[in-house]
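Inspection log for the structure reproduced underneath, given as structure tokens.
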Amino acid sequence: MPELPEVEVTRRSFSDRIAGGEIQAVWLGKPLRWPLGCGLSSLVGQKVHAVRRRGKYLLLDLDRGLLLIHLGMSGSLVFAAELPPRGPHDHFELLTSQGHLRLHDPRRFGAVVFAESEQSAVAVKLLGRLGMEPLTEQFALAPFSRGLKLRRSAIKQVLLSGDLVVGVGNIYACEALFRAGIRPTVRAQRLSVARAARLHQSIREVLSRAVEQGGTTLRDFSSAMGESGHFQLEAAVYGRAGQPCSICGTPISQIRQGQRSTFFCQSCQRK
DNA sequence: ATTCTCACCTGCGGGC
DNA sequence: TGCCCGCAGGTGAGAA
């Protein structure tokens with residue numbers, strides 16, 4: 001589910017409300033992708049100071065250390081003064097004086113991990129390889145273009161890998177490549193600077209527009225306020241195999257790249 | 001070193 | 001109606 005826009009929309013939907021809250025209790029359900037990495041009681045009494053985002057990770061700053069939260073493929077957070085009764089797919093709760101945060105994650109590819117600092121081994125393992133943040137000044141054309149030149153893989157795979165630019169998942173990779181008129185299978189290193197510039201711009205546009213729209217709700221994503229996203233209504237290619245391209249009418253193609261579906265227009269994305 | 005495949009887990013929709 | 005298969009928003013680990 002959650003790519004950068006969904007994670008950012010989630011962050012904004014509870015960051016201010018949880019800030020300053022003191023942790024009163026922590027509850028863990030079924031195992032997630034990784035163990036929490038600390039005792040539950042060591043978190044109790046600490047305050048949550050802020051919620052930041054790095055790539056698709058949420059970082060909850062505590063008095064001592066931070067919690068890294070990843071939503072995996074099917075995760076979502078809810079934050080409210082009172083939570084409804086737990087369901088079978090609720091696996092983590094942070095009860096604070098400001099309200100209760102709950103992770104709902106049917107597939108349990110998500111994770112909540114404690115790190116003593118961003119320099120700690122576990123934080124570096126998870127965050128260390130991450131590339132540029134696409135919605136900040138850090139995401140400049142020159143390093144992006146230079147990075148592409150070093151990669152022989154298909155451009156779609158490079159976008160998904162997250163080591164050049166973070167936050168672009170399967171939906172937004174397809175959408176950004178469509179907007180840039182670039183075929184997903186072309187080798188990254190074969191893109192000219194001009195075409196890299198177009199892609200650079202498309203990534204920024206698609207991601208910021210998706211954030212504006214509250215993210216993409218395909219199945220059940222919603223913000224921590226319970227609000228669904230609307231970007232799926234603007235998707236030009238993702239999930240639209242066989243439907244006419246909005247630009248030229250050519251039926252949208254679906255192929256497999258690295259065990260993932262790729263959607264594109266053969267006519268608008270020639271190379 | 002980069003690149004590729006697999007694994008993790010559950011639910012859902014399509015075809016038979 | 002029910003079963004089986006493939007597929008789904010991510011990404012670290014390990015192999016090639």
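Just so it is clear, the values below take in all heavy atoms, side chains as well, and ignore hydrogens, waters and symmetry mates.
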Short side-chain N/O contact from [X] to OP1 or OP2 of [N], under 4.0 Å:
{"X": "A:K30", "N": "B:dT10", "answer": "yes"}
{"X": "A:R260", "N": "C:dG10", "answer": "yes"}
{"X": "A:R151", "N": "B:dT3", "answer": "yes"}
{"X": "A:S74", "N": "B:dG11", "answer": "no"}
{"X": "A:T216", "N": "C:dG9", "answer": "no"}
{"X": "A:H89", "N": "B:dT10", "answer": "no"}
{"X": "A:R107", "N": "C:dG9", "answer": "no"}
{"X": "A:K56", "N": "C:dT11", "answer": "yes"}
{"X": "A:Y238", "N": "C:dA8", "answer": "no"}
{"X": "A:S261", "N": "C:dA8", "answer": "yes"}
{"X": "A:R256", "N": "C:dA8", "answer": "yes"}
{"X": "A:R33", "N": "C:dG12", "answer": "no"}

* Asked: Which part of the nucleic acid, if any, lies within contact of A:F231, taking any heavy atom under 4.0 Å across all strands shown: a base, the sugar-phosphate backbone alone, or nothing?
  -> nothing
Given [options], identify the nucleotide with an atom nearest to the side chain of [X].
{"X": "A:E6", "options": "C:dG12, C:dG9, C:dC7", "result": "C:dG9"}
{"X": "A:L218", "options": "C:dG10, C:dG9, C:dA8", "result": "C:dG9"}
{"X": "A:K125", "options": "B:dT3, C:dA13, B:dC8", "result": "C:dA13"}

* What interatomic distance, in whole Å, is found between P of C:dC7 and the corresponding atom of B:dT5? -> 15 Å
* To do: For C:dT11 versus B:dA1, give the span between their P atoms, rounded off to a whole number of Å.
  => 23 Å
In whole angstrom, give the distance that lies between atom [atom1] of [X] and atom [atom2] of [N].
{"X": "A:D220", "N": "C:dG9", "atom1": "CG", "atom2": "C1'", "result": "10 Å"}
{"X": "A:H91", "N": "B:dC8", "atom1": "NE2", "atom2": "P", "result": "17 Å"}
{"X": "A:K156", "N": "B:dT3", "atom1": "NZ", "atom2": "P", "result": "16 Å"}
{"X": "A:D105", "N": "B:dC8", "atom1": "CG", "atom2": "P", "result": "16 Å"}
{"X": "A:Q259", "N": "B:dC6", "atom1": "CD", "atom2": "P", "result": "6 Å"}
{"X": "A:R108", "N": "B:dA7", "atom1": "CZ", "atom2": "P", "result": "18 Å"}
{"X": "A:N170", "N": "C:dC7", "atom1": "CG", "atom2": "P", "result": "13 Å"}
{"X": "A:Q157", "N": "C:dG10", "atom1": "CD", "atom2": "C1'", "result": "13 Å"}

* To do: Would you sort out whether A:F221 and A:T216 count as a side chain to side chain contact (heavy atoms under 4.5 Å, CB included), showing the intermediate values?
  => CA-CA 7 Å; A:F221 167 75; A:T216 296; over 6 Å; no
Salt bridge check: are [X] and [Y] linked by an N-O gap of less than 4.0 Å?
{"X": "A:R129", "Y": "A:D163", "result": "yes"}
{"X": "A:E93", "Y": "A:R86", "result": "yes"}
{"X": "A:R209", "Y": "A:E175", "result": "no"}

* Do A:R187 and A:S153 meet the criterion of a side-chain donor-acceptor pair at a distance under 3.5 Å? -> no
* Ring of A:F109 versus six-membered ring of C:dT11: centres under 5.5 Å and planes under 30°? -> no
* To do: Compare all side-chain heavy atoms of A:S74 with those of A:H89 and state whether any distance is below 4.5 angstrom.
  => no
* So, A:R195 side chain and A:K271 main chain: donor-acceptor pair closer than 3.5 Å or not? -> yes
* Structure fact -> Re C:dA16: Watson-Crick or G-U wobble partner, both distances kept under 3.5 Å, found to be B:dT2
